[in-house]
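Working notes, structure below.
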Amino acid sequence: LAGDPFREDCRNKTYPPSGPTYKGTVPTYIINLDLPPYKRWANVMNDKKTELKKVMQNIKNLVNKFFPGSKIADLVEVKMVHLLSSLPHPFREEIEGIANTSGASLGDVVLFNIFYEIFTV
Amino acid sequence: CTSIVAEDKTGKLYHARNLDFGLFLGWDIKNSSWTITQLLKPLVVALAFQRNNKTIFKSTNFAGYIGMLSGVRPGAFTLTMNERFSIDGGYLGILEWILGRRDGMWMGFLTRAVLENSTSYEEAKEKLAKTRLLAPAYFILGGNKPGQGCVITRSRAATLDIWDLDIKQGTWFLVETNYDRWKPPLFLDNRRDPAKQCLNQIKQENLSLATIYDVLSTKPVLNKLTVYTTLMAVDGGHTETYLRECPEPCCPW
């Protein structure tokens with residue numbers, strides 16, 4: 001403990017959550033798998049479209065800061081749209097539905113969905 | 001990330017995780033936090049996937065992401081995924097996919113397919129262990145019977161290790177962060193030992209979702225990258241999710 005300024009003794013009685021380490025609960029939604037894939041995420045994305053676009057814009061800003069003047073962010077967006085056509089059913093259609101409902105670009109939503117694969121290096 | 005699967009003295013299984021994300025994706029000097037970590041918090045949602053008005057599985061997601069990082073199939077199994085970093089990473093899988101090799105599966109789509117279609121712990125374990133992936137990963141799986149809990153360490157093509165709960169040998173919990181269990185964690189990023197130490201202090205007889213929340217609230221298990229904490233119990237598909245904050249002093253990762 002003495003050697004690590006960020007380590008602390010094991011906490012206890014922190015539940016139910018409250019205080020400075022707790023920032024709130026999360027909303028619950030139903031995803032109806034009986035709906036066509038294109039429509040499944042409409043309720044969620046109607047509520048969260050602004051937040052999604054904000055995250056994606058921030059990532060683009062970051063890329064542009066690293067590579068000023070380059071067109072990397074735009075190029076990736078175009079490539080992501082091409083990639084979409086190769087994704088399996090029903091995921092392809094769900095992604096298209098999310099982009100349509102949220103108003104985010106299709107390339108951004110594809111990128112958001114394959115972020116894990118990109119970030120494992 | 002830190003995932004914990006553990007069994008209490010009665011044989012009941014608990015599964016919980018801290019989801020950490022946003023390393024090096026911009027630092028907000030004013031608020032002393034990672035930019036993307038903060039922006040992801042309002043996107044966290046709890047989802048119930050239904051067919052014929054019946055809940056098939058539940059998950060904690062980022063709105064806009066259709067894959068699964070934390071989920072429960074009520075009465076059957078619980079599943080979380082932790083990031084595994086490797087030189088042979090997902091970018092190679094994406095390249096292969098673009099070049100036409102498409103026998104691998106995207107990580108989020110596999111976990112989604114497993115939660116949607118697998119009806120037992122064994123079936124989920126087999127699919128997670130045997131399906132070729134585009135990126136390496138750790139899958140943490142809990143079942144509905146005593147002893148059913150494991151961490152599956154995956155490369156893109158193979159299963160490198162399956163680490164099972166083993167009550168007879170005293171292994172009543174498994175902790176997975178972002179390192180192979182047979183290797184020491186990076187000395188700057190040791191969340192594994194603090195989590196293990198806290199679980200050992202709690203002892204098996206005092207295990208509950210509340211005490212696991214204590215572990216996941218202890219720094220550096222809780223850190224500046226922590227977006228949310230999810231607590232799950234397979235019985236009835238119980239799940240609770242809480243957004244987190246790590247006040248100073250707090251480890252950046």
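Sequence lines set the chain letters: A, B, ... in the order given, protein chains first and strands last, and positions in each chain run from 1.
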Legend entry - Choice from T28(A), I31(A), T25(A) maximising heavy atom contacts with chain B below 4.5 Å: I31(A)

Inset, instruction - State plainly whether the residues D108(A) and K60(A) are in salt-bridge range, i.e. N to O under 4.0 Å. - result: yes

Legend entry - Donor-acceptor under 3.5 Å (R40(A) side chain, E94(A) main chain): no

Legend entry - Shortest non-hydrogen contact between P20(A) and E245(B), atoms and distance: O-CB, 3.5 Å

Legend entry - Residue among L216(B), T2(B), N82(B), I140(B) satisfying side chain to side chain contact (heavy atoms under 4.5 Å, CB included) with R17(B): N82(B)

Legend entry - Toward chain A, the part of F21(B) with a non-hydrogen atom under 4.5 Å: side chain

Inset, instruction - For the pair E117(A) (side chain) and M107(B) (backbone), establish whether a donor and an acceptor sit closer than 3.5 Å, ignoring hydrogens and angles. - result: yes

Inset, instruction - For chain B, find which of Y29(A), F91(A), F115(A), F112(A) contributes the most heavy-atom pairs closer than 4.5 angstrom. - result: F91(A)

Inset, instruction - Examine distances only and state if a side-chain atom of R73(B) and a backbone atom of L79(B) form a donor-acceptor pair shorter than 3.5 Å. - result: no

Legend entry - Which of I95(A), T101(A), V55(A), T50(A) touches chain B most, by non-hydrogen pairs under 4.5 Å: V55(A)

Inset, instruction - Give a yes or no on whether the backbone of P42(B) and the side-chain of K48(A) come within a donor-acceptor separation of less than 3.5 Å. - result: yes

Legend entry - Which portion of F187(B) sits near chain A, non-hydrogen atoms under 4.5 angstrom: neither

Legend entry - Which of P252(B), G93(B), S217(B), A195(B) touches chain A most, by non-hydrogen pairs under 4.5 Å: S217(B)

Inset, instruction - Return the option, out of D47(A), L35(A), I114(A), with the maximum number of heavy-atom pairs under 4.5 Å with chain B. - result: I114(A)

Inset, instruction - Please determine, among G108(B), P136(B), G26(B), the option with the most heavy-atom pairs under 4.5 Å with chain A. - result: P136(B)

Legend entry - I30(A) portion near chain B, given a 4.5 angstrom heavy-atom threshold: both

Legend entry - Heavy-atom proximity to chain A below 4.5 Å, by part of L231(B): side chain

Legend entry - Residue part contacting chain B, namely of P88(A), when any heavy atom lies under 4.5 Å: side chain

Inset, instruction - Return yes if some donor-acceptor pair links the side-chain N/O of R192(B) with the main-chain N/O of V175(B) below 3.5 Å, else return no. - result: no

Inset, instruction - Let me know if N52(B) has heavy atoms under 4.5 Å from chain A in its side chain, its backbone, both or neither. - result: both

Inset, instruction - State the CH2-CZ distance between W253(B) and F6(A), to the nearest 0.5 angstrom. - result: 8.0 Å

Inset, instruction - Please flag which part of L62(A) lies under 4.5 Å from any non-hydrogen atom of chain B: side chain, backbone, both or neither. - result: side chain

Legend entry - Portion of E248(B) that has a non-hydrogen atom of chain A nearer than 4.5 angstrom: neither

Legend entry - Under 3.5 Å: donor-acceptor pair, side chain of K224(B), backbone of S32(B): yes

Legend entry - Flag if over 12 foreign heavy atoms under 6.0 Å of NZ, K41(B): yes

Inset, instruction - Give, as side chain, backbone, both or neither, the part of T241(B) having an atom under 4.5 angstrom from any heavy atom of chain A. - result: both

Legend entry - Contact class of S102(A) relative to chain B, heavy atoms under 4.5 angstrom: neither

Inset, instruction - Go through the atoms of A137(B) and report whether side chain, backbone, both or neither lie under 4.5 Å from a heavy atom of chain A. - result: both

Legend entry - Interchain contact, I94(B) with chain A, by part (heavy-atom threshold 4.5 Å): side chain

Legend entry - Considering all heavy atoms, the nearest F62(B)-V44(B) contact: CE2-CG2, 3.6 Å

Inset, instruction - Name the region of K79(A), side chain, backbone, both or neither, that has any atom closer than 4.5 Å to a heavy atom of chain B. - result: neither

Inset, instruction - Answer with side chain, backbone, both or neither: which region of L222(B) has an atom nearer than 4.5 Å to a non-hydrogen atom of chain A? - result: side chain

Inset, instruction - Using the test disulfide (SG to SG under 2.5 Å), find all partners of C250(B) that sit at least two apart in sequence or belong to another chain. - result: C246(B)

Legend entry - Heavy-atom pairs under 4.5 Å with chain A, option from G67(B), S208(B), P249(B), P194(B) with the top count: P194(B)

Inset, instruction - Flag yes if more than 12 heavy atoms outside N31(B) fall under 6.0 Å of its CG atom; otherwise flag no. - result: yes

Inset, instruction - Side chain from CB out, backbone as N, CA, C, O: work out which of these in R156(B) comes under 4.5 Å of a heavy atom of chain A, or both, or neither. - result: neither

Legend entry - Interchain contact, I98(B) with chain A, by part (heavy-atom threshold 4.5 Å): side chain

